[in-house]
Protein chains: 2
Amino acid sequence: MSSVAKIALPLREASLTRIARWCHALSDETRLQIIDRLSAGEQCVCDLTDLLETGQSRLSFHLKTLKDAGILKDRREGRWVYYSLNPEAVEEMEQFVGGLKVCCQRLRKGTRCCD
Amino acid sequence: MSSVAKIALPLREASLTRIARWCHALSDETRLQIIDRLSAGEQCVCDLTDLLETGQSRLSFHLKTLKDAGILKDRREGRWVYYSLNPEAVEEMEQFVGGLKVCCQRLRKGTRCCD
DNA sequence: TTGACATATCAAAAAAAATTGATATATAAG
DNA sequence: CTTATATATCAATTTTTTTTGATATGTCAA
């Protein structure tokens, strides 16, 4: 069993805030490109800089945004810093969106859900 | 089979843009509250106004934001307008997040994915 | 047709987020 | 100890988003 918090509908105040943060973090194309890269595995900042052809402080800003939202983890190794997806956050997001999907399916069948 | 577009990693340009729009739409607590309400089924604007205790034009703005992102559908019935979740958008989001989850699982096992 | 109600749109102001360039910090190499 | 490299942080500016109040539109009822 994981220690990940449950995200269930109807949403509690705290979940609302957390989901809003994730979604804000994912609402920018540059940050989604970063996610896309990291979905293939951990990368160091220098590799991402090359890949995304962006200024250093700008990339740093977006990485921080993702990290603060809990979506990325980082790890220093000598002079380099490596970023990777945080599986716990991804798991929680999956729960939220999965819950919505179930609601939609029930609604299609005419059954009510979630209260 | 549904006609919903496939959202797969690595992301294509068009998918990036679409996901960024969804996530932006979901990045606000008021809008998430709306989603939360609608997860229990279609609601008219007047009910949402009561529920969310917010000004009319503000609610209208947020509903439009969600609708423009494709997350909500609307339907007029006489003087009232009813909003509901758009199952296709929810399905697509689910694919995206589900794909990320699979990547994370593979990464945990040391297998690479997505390229 | 007039008035009332539900909702949308618009324009101005306020607030929040992103970009940029400069500087700081940390580590390693010489 | 000095220098070079990788990355983070900061402050100023620009851009984007949100809020607010006023007005417009569409529908029904009298």
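Below, all heavy atoms of this structure are taken into account, side chains as well, without hydrogens, waters or symmetry copies.
- Here dT20(D) is the nucleotide among dT18(D), dA8(D), dT20(D) with the atom lying nearest to any side-chain atom of Ser57(B).
- Contact between the side-chain N/O atoms of Arg79(A) and the OP1/OP2 oxygens of dA28(C) is not found at any separation under 4.0 Å.
- Comparing atom distances between the His62(A) side chain and each of dA18(C), dA8(C), dT9(D) picks out dA18(C) as nearest.
- Rounded to whole angstrom, the span from the CG atom of Leu63(B) across to the P atom of dT19(D) amounts to 13 Å.
- For the pair His24(B) and dT18(D), the criterion of a side-chain N or O lying under 4.0 Å from OP1 or OP2 is met.
- Whole-Å rounding puts the Arg75(B) CZ to dT7(C) P distance at 12 Å.
- Going from atom CZ of Arg21(B) over to atom C1' of dT16(D) covers 15 Å, rounded to whole Å.
- Side-chain contact check for Ser27(A) and Arg21(B): no donor-acceptor pair (N or O, by modelled atom type) lies under 3.5 Å.
- To the nearest 0.5 angstrom, Cys23(A) atom SG is 6.0 Å from Leu32(B) atom CG.
- Side-chain proximity of Phe61(B) to dG26(D), dT19(D), dA18(C): nearest is dT19(D).
- With distances taken from any side-chain atom of Val81(A) to the nucleotides dT9(C), dT9(D), dA8(D), the minimum falls on dA8(D).
- Counting only distance, with no hydrogens or angles, the side chain of Gln95(B) and the backbone of Ile7(B) share a donor-acceptor pair below 3.5 Å.
- Residues Asp47(B) and Asp28(A) each lie close to DNA chain C; by heavy-atom proximity, the contact nearer the 5' end of the strand is made by Asp47(B).
- Here the C1' atom of nucleotide dA8(C) and the CG atom of Asp68(B) are 12 Å apart, to the nearest Å.
- In this structure, the CG atom of Leu59(A) is 9 Å from the P atom of dT7(D), given to the nearest Å.
- Taking every side-chain heavy atom of Trp80(B) into account, dT7(C) is the closest of dT7(D), dT7(C), dT9(D).
- One interatomic measurement links the two molecules: CG of Leu66(B) to C1' of dT17(D), which rounds to 14 Å at whole-angstrom precision.
- Side-chain proximity of Arg31(B) to dT27(D), dT18(D), dT7(C): nearest is dT18(D).
- Residue Gly78(A) is in sugar-phosphate contact alone, with no base atom involved, counting any heavy-atom pair closer than 4.0 Å across all strands shown.
- Between the side chains of Gln56(A) and Thr49(A), no donor-acceptor pair is found at a separation under 3.5 Å.
- Atom CG in Leu48(A) sits roughly 15 Å away from atom C1' in dA8(D) (whole-Å rounding).
- A salt bridge links Glu77(A) with Arg75(A): at least one charged nitrogen is closer than 4.0 Å to a carboxylate oxygen.
- Within 4.0 Å (heavy atoms only), Tyr83(A) reaches sugar-phosphate atoms of the nucleic acid but no base atom.
- Picking from dT7(D), dT20(C), dT19(D) the nucleotide with the shortest atom distance to the side chain of Arg58(B) gives dT19(D).
- Atom CD in Gln56(A) sits roughly 7 Å away from atom P in dA8(D) (whole-Å rounding).
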